[in-house]
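Throughout, a chain's letter reflects where its sequence line sits, starting with A, and its residues are numbered from 1.
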Amino acid sequence: MSELLLILVSTSVANNLVLNYMLGIDPLLATSRKTGPAINTCLFMVFTMPVVSVISYTFNIYIFEQHVPDYLHLISTVIIIAVTVMVTGLIIQRLSPNIYIRIEKIIPLMMVNSTLLGLVLIEKKYVYSMISALFSGLGTALGFCLILMMFVSIRKKLDNPEIPIPFQGIAIIFITLGILSLGFMGFSGISSP
Amino acid sequence: MINQQLLTSPHRHDGSSVRTKMLWVCVSLIPGIACYTWFFGPGILIQCLLAIVFALLVESVLLKIRKQKLSVFLLDGSVYVTAILFALMISPFTPWWINFIGICFGLVFAKHLYGGLGNNIFNPAATAYVFILLCFPVAMNQWPSAIDGPSQETSIKNSFKYIFLMPHDSYSENNYDSTSSATPLADMQNRLAAMEMVNEIRTSSQYGNYAGKGWEWVSIFYLLGGIGLIALGVISWHIPVAILGSVFAFSLIFNMYDTNLYPSSLFHILSGGCILAAFFVATDPVTASATPIGKLIYGTIIGGLIYAIRSWGAYPDGVAFAIIIANGLVPMIDEYTRPYIIGEN
């Protein structure tokens, strides 16, 4: 139990996907303008990441490592992720159409994105069972949501005309991400084995 | 609804300005700095002076580049407070060039790229400290041992030697005399990791009655200055009380859970930069939350993060990290704790 908790904490804050690995910056910047789209992205991440994580772990252990040559691992992982995201979308559409309408637009953005692929590839280092894969996916999703919701509020402050002209817009956003990442480096040491 | 105060116009300016507030902050730091000098030698005074000189230099160059009025911004005092707080966070033995790099990073990246005073999201002093802590870990871990009163080892001559004459390339612990040691927090962390017990560690000579020898008194003098600031109305009580309260509560819970693994509450509050941060760094009016409830939430987050990083992280003191993370959360806290205007949905 304590190991699962450690995985949850370490993937959400210590080894945060955005601030530590610099992955998932594209969906972060694309959807952090307004609160509505940001919450939709959060919902999508919390639904999809654990599922993708568990399914790719299963495929990896039972099929890829035994029947697929090494050089095809990466490409087959990409295919698995794309299919999983599509199928998850369809299932959500069947179960609760209201939520599906809100996350509909993010699905093509996320299907072939480095966020989920990065999650799966990083997980290979420390995930050792199905349940740990589930917790790792959930923790990563929660960490992403934390940074996304922080950024929705921070970006309102960054539309400031006082900022020197060369640094307005995307530049100051990246500097902010960098300083935040300095802060999150304080958590180093709280990481899963 | 219960405590709603009706404020109608006309409003009167109470005469306070940025300059007077910053002056009071500097004055209230004096007892702490004096105590620091008594226990750890005059190195800290040299660091403060260096930091102020560097900060004025960097600030005037930046203001020139941004075509702002030098006189207005140099005299408002905020740059002095940033420099002094930064100097108080680093070790008295830090070489001058590390001090310079920290000041440059803090003022350029955390202050002027966001548009100068009043627009910055992150506290410049905390950002500067975190940056040099991550870049120069060996140099940042050399601290003097506490000595009562003036002594040979921490004399002005020796401090000058450490700060100005240290060879830049051969940075190792052998270059320092026997005066340098880890801070009590770092020592506690290392020896807890080596399976020693708290009571056993506390018997060693660098620990005093409550926390590290010397450090506890420095913290108490910072506390006096901070209480003075609250009494003068320069800062509100919310943030310091929330930070110290949450550090106290968290450490009490874990200390009660296992006395041998987790040091006492007083040890946590009186060691490291806890009190300095609670009264002087976190209360920076620009980067802290603006609403009373927001201030309490902000302080509690900082306290919780300080305790978490100290207890489970790799760094002995997480004060500056906690402040940067909480500064990032401030826009969100402010957005959700903002009082509603009457008539608004």
Kindly compute the distance separating [atom1] ([X]) from [atom2] ([Y]), expressed to the nearest 0.5 Å.
{"X": "B:Asn327", "Y": "A:Met150", "atom1": "CG", "atom2": "CE", "answer": "9.5 Å"}
{"X": "A:Ser188", "Y": "B:Leu134", "atom1": "OG", "atom2": "CG", "answer": "7.5 Å"}
{"X": "A:Phe187", "Y": "B:Trp312", "atom1": "CZ", "atom2": "CH2", "answer": "11.0 Å"}

Heavy-atom proximity to chain A below 4.5 Å, by part of [X]:
{"X": "B:Phe109", "result": "both"}
{"X": "B:Ile65", "result": "neither"}
{"X": "B:Tyr129", "result": "neither"}

>> Run the side chain to side chain contact (heavy atoms under 4.5 Å, CB included) test against B:Arg19 and tell me which residues pass, sequence neighbours left out.
In response: B:Ser17, B:Leu75

> Excluding sequence neighbours, so at least two apart, what forms side chain to side chain contact (heavy atoms under 4.5 Å, CB included) with A:Ser129?
Replying inline: A:Ile131, A:Ser132

Most contacts with chain A, counted as non-hydrogen pairs under 4.5 angstrom, among [options]:
{"options": "B:Ile324, B:Leu133, B:Leu113, B:Ile323", "result": "B:Leu113"}
{"options": "B:Ala314, B:Ala326, B:Ala308", "result": "B:Ala314"}
{"options": "B:Phe131, B:Tyr315, B:Tyr336", "result": "B:Tyr315"}

Grab the two heavy atoms, one from [X] and one from [Y], that are nearest each other, plus how far apart they are.
{"X": "A:Lys156", "Y": "B:Glu335", "answer": "NZ-OE2, 2.9 Å"}
{"X": "A:Ile154", "Y": "B:Ile121", "answer": "CG2-CD1, 3.7 Å"}
{"X": "A:Met149", "Y": "B:Met332", "answer": "O-SD, 3.5 Å"}

> What do the steps show when you test B:Phe105 against A:Leu182 for side chain to side chain contact (heavy atoms under 4.5 Å, CB included), and what is the final call?
Replying inline: CA-CA 12 Å; B:Phe105 187 85; A:Leu182 285 182; 4.0 Å; yes

Is it the case that atom [atom1] in [X] sees more than 12 heavy atoms from other parts of the structure closer than 6.0 Å?
{"X": "A:Lys34", "atom1": "NZ", "value": "no"}
{"X": "B:Leu70", "atom1": "CG", "value": "yes"}
{"X": "A:Ile75", "atom1": "CD1", "value": "no"}
{"X": "B:Phe136", "atom1": "CZ", "value": "yes"}

> Is there side-chain contact between B:Tyr114 and A:Leu158, with at least one heavy-atom pair below 4.5 Å?
Replying inline: yes

> Using a heavy-atom distance cut-off of less than 4.5 Å, which residues of residues 160-179 of chain A contact chain B?
Replying inline: A:Asn160, A:Glu162, A:Ile163, A:Pro164, A:Phe167, A:Ile172, A:Ile175, A:Thr176, A:Ile179

> Which members of residues 38-65 of chain A, sorted by number, sit under 4.5 angstrom from chain B on a heavy-atom basis?
Replying inline: none

> Where on A:Thr35 is there a heavy atom nearer than 4.5 Å to chain B: the side chain, the backbone, both, or neither?
Replying inline: side chain

